[in-house]
Amino acid sequence: MFSSHAFAKPFLVQSNNNKHELIFAEQALDTMTADMAKGCEAVSLFTSDQGSAEVLEKLGEAGVKYVALRSVGYDHVDVAKAKSLGIKVANVPAYSPYSIAEHAVALLMALNRKIVLGEQLMRKNDFRLDQLVGFDLHGKTVGIVGTGKIGSAFGAIMHGFGCKLLGYDVYENSDLVREANIVYTSFEKLCQSADIISVHCPLNGATRYLFNKHSFSQMKRDVVLINTARGGIVNTVDLLDALDRGIVGHAGLDVYEYEKPIFFQDHGDFQIKDELFQKLRSHPRVLLTGHQAFLTNEALAGIAGTTIGNLDAWASNGTSENEVA
Ligand code: NAD
């Protein structure tokens, strides 16, 4: 179990119930650590692990036959390469979508109602309200990019707030149309009309840098962008430029395109050398969390249950219904 963190271990141990021999490693999987898998039939990866062709080749040489992902997203694994090596890869196709949807709402609310700034001022004994004016969500137009499990959970919450919903997806979600009156439109129109945009599509060839100079230039002034999906969907340089031009009013981000060497660890006194990240983190209208949207008891139990379920299925008949390669 690469990239094992204290927050996940008890859930995995409980779900496993001594069925498989689990070896927990704090290290992330990469070309340097792949050898640690020698003697293991399966490895389990988190989003911070590398599943590149080179790493998969090393895993294959080490005798690994199965890769159990502890995530929905599998953009960090070269699934075609895994297939060619005969290594099976399974993801956790669904776990509490509410965990991520509710975190997206938390980022939106904290930004809009200036919760972090208000708390900082109060700690300085400054109880003035002049910098803390937000807006009503009621009646605003919320654009949702990707209306699958998480996007539709987010949409249901926003519908409850009294927002109008616009959706962009390659498939229309008829439940969301019926239950939350979402109106599907083109990505361009969504950008032009939304007061708030929340990203819930996977990172793939079609969505990489979907948010770029061109799409930002079409947005309403002061739009709020929330991204709890994957960092690579947003071009960070272009986002910073759009923030500085006043196009994007606020950005709430749980993911960052170059997050891998930064997130999920304590850097202590070491300076993080990524200047783009420093700019993003210090921007007064950006609220950043370190890929923690999934971090609820319910989601962690769901991830552990399906991960162990994939191992069970492979152990009993060599296939799992959650295979992506
Ligand atoms: P899902 O498969 O249920 O929904 C994704 C939706 O995106 C689908 O409706 C799909 O049709 C749509 N989509 C695919 N390609 C698209 C495109 N080119 N343009 C527009 N829409 C497109 O997945 P989900 O469970 O809702 O998860 C969504 C994403 O959230 C995951 O892929 C993952 O990257 C991210 N995620 C983040 C965290 C976190 O902790 N921050 C946790 C879990 C998932």
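Since this is a predicted model, take the numbers as computed values, not measurements. As the structure lists them, so they are numbered: ligands from 1, and atoms in each ligand from 1.
- At a threshold of 4.0 Å, the pair Lys124-Asp126 does not count as salt-bridged, since none of the basic side-chain nitrogens sits closer than that to a carboxylate oxygen.
- Side-chain atoms of His76 and Thr47 form no donor-acceptor pair, as typed in the model, at a separation below 3.5 Å.
- Looking at atom 30 (O) of ligand 1, its nearest protein heavy atom turns out to be Ile150 CD1, 3.7 Å.
- We find that Arg245 and Asp241 are joined by a salt bridge, their nearest charged nitrogen and carboxylate oxygen being less than 4.0 Å apart.
- Side-chain rings of Tyr256 and Phe277 approach one another, their centers coming within less than 6.0 Å.
- Salt-bridge check for Asp35 with Lys58: failed, with every basic side-chain N at 4.0 Å or more from each acidic carboxylate O.
- In summary, the atoms of ligand 1 found under 4.0 Å from a heavy atom of Ile100, numbered by their order in the structure, are 38 (C), 42 (C), 43 (C).
- Checked against the 6.0 Å centroid threshold, Phe46 and Phe294 count as a close aromatic pair.
- Of the listed options Tyr171, Tyr95, Tyr74, Phe294, Tyr95 places a heavy atom closest to atom 43 (C) of ligand 1.
- Using a non-hydrogen distance threshold of 4.0 Å, Val170 registers as a contact of ligand 1.
- Atoms of ligand 1 found under 4.0 Å from any heavy atom of Ala206 (numbered from 1 in listed order, with element): 18 (N).
- The shell of residues lying under 4.0 angstrom from ligand 1, judged by heavy atoms, includes Asn204.
- Among protein heavy atoms, atom 18 (N) of ligand 1 sits closest to Thr207 CG2, 3.3 Å.
- Nearest to atom 4 (O) of ligand 1 by heavy atom, out of Ala229, Gly232, Ser96, Gly148, is Gly148.
- The nearest heavy-atom contact from the protein to atom 28 (C) of ligand 1 is His200 O, 3.3 Å.
- Aromatic pair Phe161/His138: ring centres not closer than 6.0 Å.
- Ion pairing between a basic and an acidic side chain is recognised when a charged N comes within 4.0 Å of a carboxylate O; Glu61 and Lys38 show no such pairing.
- A donor-acceptor pair shorter than 3.5 Å cannot be found between the side chains of Ser3 and His5.
- For ligand 1, none of its N or O atoms has an N or O atom of Gln292 under 3.5 Å away.
- Residue Asp254 places a heavy atom less than 4.0 Å from ligand 1.
- At the top of the distance list for atom 14 (C) of ligand 1, counting protein heavy atoms only, stands Pro202 CD, 3.5 Å.
- Assignment of Phe187 to the shell around ligand 1 is not supported, since no heavy atom sits closer than 4.0 Å.
- In terms of N/O distances under 3.5 Å, ligand 1 is not approached by Val145.
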